[in-house]
Protein chains: 2
Amino acid sequence: MVTVHDVARVAGVSISTVSRALAAPERVAAATRARVQAAADALGYVPNRAASGLRAGRTSAVGLVVPDLENPYFASVTKGVQARARAAGLAVFVVDAEEDPHLEADLVASLAPQTDGLLLCSPRQDDAAVRDAAGRARVVLVNREVAGVPSVCTDHARGTELAIEHLRALGHARVAVVGGPERSWSQERRADGVRRAVERFDDLDVVELGAYRPHVDGGYSAADAAVATGATAVLAFNDLQALGLVRRLAGRGIRVPDDVSVVGCDDTFVAGLAATPLTTVRTDLRGMGATAVDLLADLLRPGNEPEAPRVVLPAELVVRASTADAPRVLVPSPAVAP
Amino acid sequence: MVTVHDVARVAGVSISTVSRALAAPERVAAATRARVQAAADALGYVPNRAASGLRAGRTSAVGLVVPDLENPYFASVTKGVQARARAAGLAVFVVDAEEDPHLEADLVASLAPQTDGLLLCSPRQDDAAVRDAAGRARVVLVNREVAGVPSVCTDHARGTELAIEHLRALGHARVAVVGGPERSWSQERRADGVRRAVERFDDLDVVELGAYRPHVDGGYSAADAAVATGATAVLAFNDLQALGLVRRLAGRGIRVPDDVSVVGCDDTFVAGLAATPLTTVRTDLRGMGATAVDLLADLLRPGNEPEAPRVVLPAELVVRASTADAPRVLVPSPAVAP
DNA sequence: TTGTAGGCGTTATCAT
DNA sequence: ATGATAACGCCTACAA
C-alpha cells in the first residue's frame with residue numbers, strides 16, 4: 001500500500017506538504033504541487049479512507065436499508081441512490097431487510113455507527129422504531145413520513161385520486177381498490193386519496209378491499225373479491241399486485257381491459273412488461289432515491305442542521321393498455337360449480 | 001462517540017483489557033470480563049470500524065459491481081450477496097455500472113482500495129479489463145470465467161441443451177435461438193450448448209439469430225426474425241427478452257404457446273409474472289451471490305491463497321405455460337401489406 | 001491476568 | 001510555503 005510517506009519521499013517533501021498538495025492545492029507552491037502530483041501519480045497513491053475517516057470523524061459512506069431488493073420499486077430507488085451518492089463522493093452500503101422489521105432494526109443499529117447517515121425505506125416499521133433509528137444516525141426516510149425526520153415521498157393521495165378520476169372518465173361506475181399491508185404508510189395515504197375522490201364524485205362507487213400482500217400473489221388473491229364487488233375497474237396497491245390481478249382474471253376468462261380495467265401503482269419496469277401493459281400511477285423512483293441522497297448530503301454538511309425537510313414528489317398517471325371504457329354489461333359472476 | 005477509553009474508565013480497567021474482554025473473552029478473568037461487558041452495554045459501545053480496520057489493515061467491506069440493479073437477474077444476485085455477506089460480518093458496497101464498461105472500470109479502481117475484495121458481474125467487460133481488476137483487488141467473478149480468476153457461474157451450455165431437448169420432446173422441429181450481446185461471456189457458453197444439441201439431434205433444426213439486447217425491447221425486436229425462420233419455438237437469451245418476444249407475438253396475433261413456444265432463461269421473478277408464465281432455464285441466483293461471497297471470504301482468510309477456484313452451478317429447466325406441443329401447421333407468415 | 005506504549009495513515013495545528 | 005508533531009480509536013507486543 002502506497003502512503004503519504006512514500007509520496008513524500010519520492011517528491012522530496014514532507015508528508016504534510018503531500019497532504020496539502022492533494023487536498024488544498026492552492027496552499028502549496030505550484031512547482032511543489034506539480035512534483036507531489038507527479039509522485040502520487042507515479043506511485044498510484046490513493047488516500048486510505050479508513051485513516052482519513054478516522055482522523056476526520058466521518059466515513060464518507062451512507063447506508064441504504066430496503067425491505068426487498070428484488071422488488072422493482074426498491075431496485076429503482078437503490079439505483080437512484082447509488083448514482084447520486086457516487087456523484088457526491090459517498091459510498092453506499094446496501095442492505096436488504098427481508099421485509100422483517102426486527103431484522104431491519106438490527107441492521108440499522110449495526111449500520112449506524114459505520115456510516116455518516118442512513119437512507120431508510122421502512123414502509124412497515126412503526127413510528128417509534130423509525131424515531132429510534134433517527135436517534136442513532138442522521139436519517140432520511142424514503143416514501144414515509146414521520147414528524148421531525150427528513151423525508152422524500154410520493155403524493156400517494158393525489159396519485160390515487162388521479163387513478164380514480166381516470167377510471168370515472170372512462171365511464172366506470174364502480175371501482176374496487178385493493179389494499180396493501182395494513183400498517184403501511186402509503187396504504188394510509190392512499191386511503192386519503194380514496195376519501196377525497198369519494199367526496200368529489202357522487203356518481204362513483206368506490207369499494208375498498210382489505211389488506212393484500214403487495215406482491216403478485218396478493219393481487220392474485222384479491223382478484224376474486226374484486227370481481228365479486230361488481231366493480232368494472234380495479235386499482236391495485238402496486239404494479240406487482242396489478243399483474244397478479246390480471247393473471248387471476250385471465251385464468252377465470254375475464255379479459256383486461258375488455259371486461260375489467262386494472263390500474264397499477266409506481267410504474268416500476270414490470271408495468272410495461274406484460275402482454276397488456278399497465279396503466280399505472282407513476283413516480284420518479286430513481287429521482288426519489290437521488291433526492292434522498294441530496295437531503296442527507298445537506299444534513300451532513302458541517303454546521304447544517306436544518307428543520308427536517310419533507311419533500312413530496314408528484315404522482316402522475318400513465319395510461320396504457322390495461323384500462324379502457326367501462327363495459328356495457330357487468331361481468332357476470334361465473335356460476336358456482338355444483 | 002463511545003470509545004474503549006470510556007468503557008475502560010467506567011469498568012475501572014485499562015483499554016487493553018476492554019479490547020481483550022470483547023475480542024478474546026477467554027484471556028480475561030471472568031469477573032473483569034463481566035464488568036467490562038456491563039460497562040460496554042451500559043454505554044452502548046460499538047467498535048469503530050475505521051479504527052480497527054486501519055489497525056488491522058482491512059476494511060471488512062466488500063464491493064459488488066453490477067451492470068444494472070433494475071435487471072431482476074442482478075437484483076437477485078445482489079440479494080444473495082448481501083445476505084451471505086451479512087452472515088460473514090462483511091458490509092457490502094453496491095455499485096451500478098449502468099452497463100458501461102468504462103464506468104465499470106472506474107468504479108473498480110475507486111472501490112478496490114476501500115474494500116477487502118470485489119465481486120464482479122461483468123458480462124461485457126473484456127478479459128483484459130477483468131484481469132486488470134483482479135490485479136487491483138481480490139476479485140471473484142459472478143457468471144463469468146477468466147483464467148486465473150476465481151468465479152461462480154451457471155452451466156449455460158447445459159441449460160441451453162436442456163431447453164432445446166425440452167422443445168424437441170414437444171415435437172418442435174425447428175427452434176430459433178435469440179442471441180444476447182455479442183461479446184458477452186454467457187452468449188458464448190450458450191453457443192456451445194447449441195452446438196452440442198445440434199450434434200445430438202439430427203432431426204432438429206436450430207437457427208441462431210444475431211445479437212439482441214438482453215431486455216424486453218431486444219425480445220420485441222427479435223420476434224419477427226424468429227417467426228420468419230419458420231421456427232415453432234424460440235429460446236430467448238433471458239426472461240426479459242422472452243417477455244418482449246411474447247408481447248410482440250401477441251401483437252401480431254400469434255399465440256403463446258398455441259402457435260409458438262417460448263423459453264426464457266434465468267428464472268428471474270419476472271418469469272412467473274406474465275399472464276403466460278415462462279418456461280425457463282433456472283439458476284439459483286441468490287445462491288450464486290452467496291457462493292461468490294463464500295469464495296471471497298475464503299480468499300480473505302489470512303494465509304489462504306488457493307488456486308483460483310471455479311464453481312459452476314447447475315442449470316435446470318422449469319416448465320411453465322409458455323411451451324407446448326408443436327403446432328400441426330406452421331404459423332403462416334402474415335401477408336405483407338400492399 | 002492486566003497495564004503500558006507504539007503505530008496503523010491521515011490531517012490539522014503550530015512552528016519555522 | 002513548508003515541516004514537525006499530535007491525535008483520531010483500536011489492537012497487540014511486551015512488560016509487569
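Because the structure is predicted, anything quoted here is derived from the model rather than measured. Labels below follow one simple rule: chain letters A, B, ... track the order of the sequence lines, proteins then strands, and each chain is numbered from 1.
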Taking only the side-chain heavy atoms of S14(B) (C-beta and beyond), determine which of dA1(D), dT4(C), dG9(C) contains the nearest atom.
dT4(C)

Across the strands shown, which category fits H5(A) at heavy-atom distances under 4.0 angstrom: base, sugar-phosphate, nothing?
base

Please classify the nucleic acid contact of S19(B) as base, sugar-phosphate, or nothing, using heavy-atom distances under 4.0 Å.
base

Carboxylate-amine/guanidinium contact D106(B) R86(A), below 4.0 Å
no

In terms of side-chain heavy atoms of I15(A), which of dC10(D), dT4(C), dT5(D) is nearest?
dT5(D)

Candidates dC10(D), dT1(C), dT10(C) - which lies nearest the side chain of A51(B)
dC10(D)

Between R131(A) and D126(A), does any NZ, NE, NH1 or NH2 come within less than 4.0 Å of an OD or OE carboxylate oxygen?
no

Out of dC11(D), dG3(D), dT2(C), which nucleotide sits closest to the side chain of S52(B)?
dC11(D)

Rounded interatomic separation in angstrom, taking CG from N48(A) and P from dG7(C):
18 Å

Nucleotide nearest R20(A) when distance is taken to its side chain, options dC10(D), dC8(D), dT13(C):
dT13(C)

Upstream residue (5' side of DNA chain C) when R27(A) and V46(A) are each assigned their closest nucleotide
V46(A)

Nearest-angstrom distance from the residue atom CZ of R55(A) to C1' of dT5(D)
11 Å

Of the listed dT1(C), dT10(C), dG9(D), the closest approach to the V4(A) side chain comes from dT10(C)

Residues D68(A), K79(B): salt bridge by 4.0 Å N-O rule:
yes

Just how far, in rounded Å, is C1' of dG9(D) from CZ of R58(A)?
16 Å

Would you indicate, yes or no, if dT11(C) has its OP1 or OP2 atom less than 4.0 angstrom from a side-chain nitrogen or oxygen of S16(A)?
no

Ionic contact status for D116(A) with R58(A), cut-off 4.0 Å:
no

Rounded interatomic separation in angstrom, taking CG from L22(B) and P from dG9(D)
16 Å

Here the distance between atom P of dC10(D) and atom CG of L54(A), to the nearest Å, is 9 Å

NZ/NE/NH1/NH2 to OD/OE distance under 4.0 Å, R33(B) and E26(B):
no

In whole angstrom, what separates R35(A)'s CZ from dT2(D)'s C1'?
11 Å

